[in-house]
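A short worksheet on the structure shown next.
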Amino acid sequence: EAEVAQSPRYKITEKSQAVAFWCDPISGHATLYWYRQILGQGPELLVQFQDESVVDDSQLPKDRFSAERLKGVDSTLKIQPAELGDSAMYLCASSLSGDGYGYTFGSGTRLTVV
Amino acid sequence: AQSVAQPEDQVNVAEGNPLTVKCTYSVSGNPYLFWYVQYPNRGLQFLLKYITGDNLVKGSYGFEAEFNKSQTSFHLKKPSALVSDSALYFCAVREWAGSYQLTFGKGTKLSVIP
């Protein structure tokens, strides 16, 4: 069964350092999503791509977060500088089209900022 | 107001008993509703969805959900709980915010007691 790959699985970083997460969606999936899940809460959408274009980044804290999907395939989410409040699970999901269902999630990256 | 609400932070049920995890929604039009399950330090796994048609939807691992338009609810059910069902359960609704997106509830922790 096809999977969404994410790396690293776990990341510990010091406050004010830069950190990056990588996601490789299911082959052929045009839509890619990055969600942030704070402990005890549901996932919240950070950014949505359709191919290489950003469709929605209204909830992305752009002063410190950036996301790219240069060739419309894999994607990188970056935080610089990291803050204590960024500690969370970062989930990537993909879907065949942007119709809002049929998501497949990756296993996530657990970020701890110390 | 939240688009989707899960009123219970935690549900405890004895193994073999029926389980219900509650979800209510507040979106206009015909809702697209979903249930996902999350095991510790893992991504979200799709259980089932309601798009249209029969109000009783059957999904993975013996789970089902009942769509009730008059009560704006989409409760997750299983006739006989297993210890292995213990996990976090998330209800989600598809919303239009310039693009189709899934908005998640805050989650309900299900504990099945042997």
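Heavy atoms only: backbone and side chains are in, while hydrogens, waters and symmetry mates are out. Everything numeric here is computed off the predicted structure, so don't read it as measured data. Just so we're on the same page: letters track the sequence lines, and every chain starts at 1.
Between the CD atom in Gln101(B) and the CD atom in Gln59(A) there is a gap of 8.5 Å [rounded to 0.5 Å]. Remark: Arg42(B) CZ to Arg9(A) CZ distance equals 5.0 Å, nearest 0.5 Å. Rounding to the nearest 0.5 Å places CG of Leu45(A) at 8.0 Å from OG1 of Thr103(B).
Taking hydrophobic clusters as Ile, Leu, Val, Met, Phe, Trp and Tyr residues chained together by side-chain heavy-atom distances below 4.5 Å, Tyr33(A) does not share a cluster with Leu46(A). Note on Val21(B) and Val93(B): same hydrophobic cluster, where clusters join Ile, Leu, Val, Met, Phe, Trp and Tyr whose side-chain heavy atoms are under 4.5 Å apart, directly or indirectly.
The environment of Asn30(B) atom CG is sparse: at most 12 non-hydrogen atoms of other residues, nucleotides or ligands sit within 6.0 angstrom. Annotation for Leu39(A): atom CG does not count as buried by contact number, only 12 or fewer foreign heavy atoms lying within 6.0 Å. The number of heavy-atom neighbours closer than 6.0 Å to OH of Tyr61(B), taken from other residues, nucleotides and ligands shown, is 12 or below. Heavy atoms of other residues, nucleotides or ligands lying less than 6.0 angstrom from NZ of Lys58(B) number 12 at most. No more than 12 heavy atoms of other residues, nucleotides or ligands shown are found within 6.0 angstrom of CD on Gln80(A). Atom CD of Gln10(B) has more than 12 heavy atoms from other residues, nucleotides or ligands within 6.0 Å.
Interface remark: Gln41(A) contributes backbone atoms only to the contact with chain B (heavy atom separation under 4.5 Å). Looking at Glu95(B), there are no atoms closer than 4.5 Å to chain A (heavy atoms on both sides), in backbone or side chain. There is no contact between Gln50(A) and chain B, counting heavy-atom distances below 4.5 Å.
Between Tyr35(A) and Phe104(B), the ring center distance clears the sub-6.0 Å criterion.
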Fill in: Trace of the ring-ring contact (aromatic ring centres under 6.0 Å, His included) decision for Tyr103(A) with Tyr36(B)
CA-CA 10 Å; Tyr103(A) 284 28; Tyr36(B) 285 80; 7.2 Å; no
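When each of Lys109(B), Lys49(B), Arg94(B) is scored by its heavy-atom pairs under 4.5 Å with chain A, the top score falls to Arg94(B). Comparing Val55(A), Thr31(A), Leu91(A), Asp56(A) by how many heavy-atom pairs each has under 4.5 Å with chain B, the most go to Asp56(A).
When hydrophobic residues (I, L, V, M, F, W, Y) are linked wherever their side-chain heavy atoms come within less than 4.5 Å, the members clustered with Val114(A) are Ile12(A).
By the ring-ring contact (aromatic ring centres under 6.0 Å, His included) test, Phe65(A) pairs with no residue at all, sequence neighbours left out. Partners of Tyr90(A) by ring-ring contact (aromatic ring centres under 6.0 Å, His included), not counting sequence neighbours, listed by chain and number: Phe21(A).
Residues of residues 74-91 of chain B lying under 4.5 angstrom from chain A, judged on non-hydrogen atoms, are Phe90(B) in numerical order.
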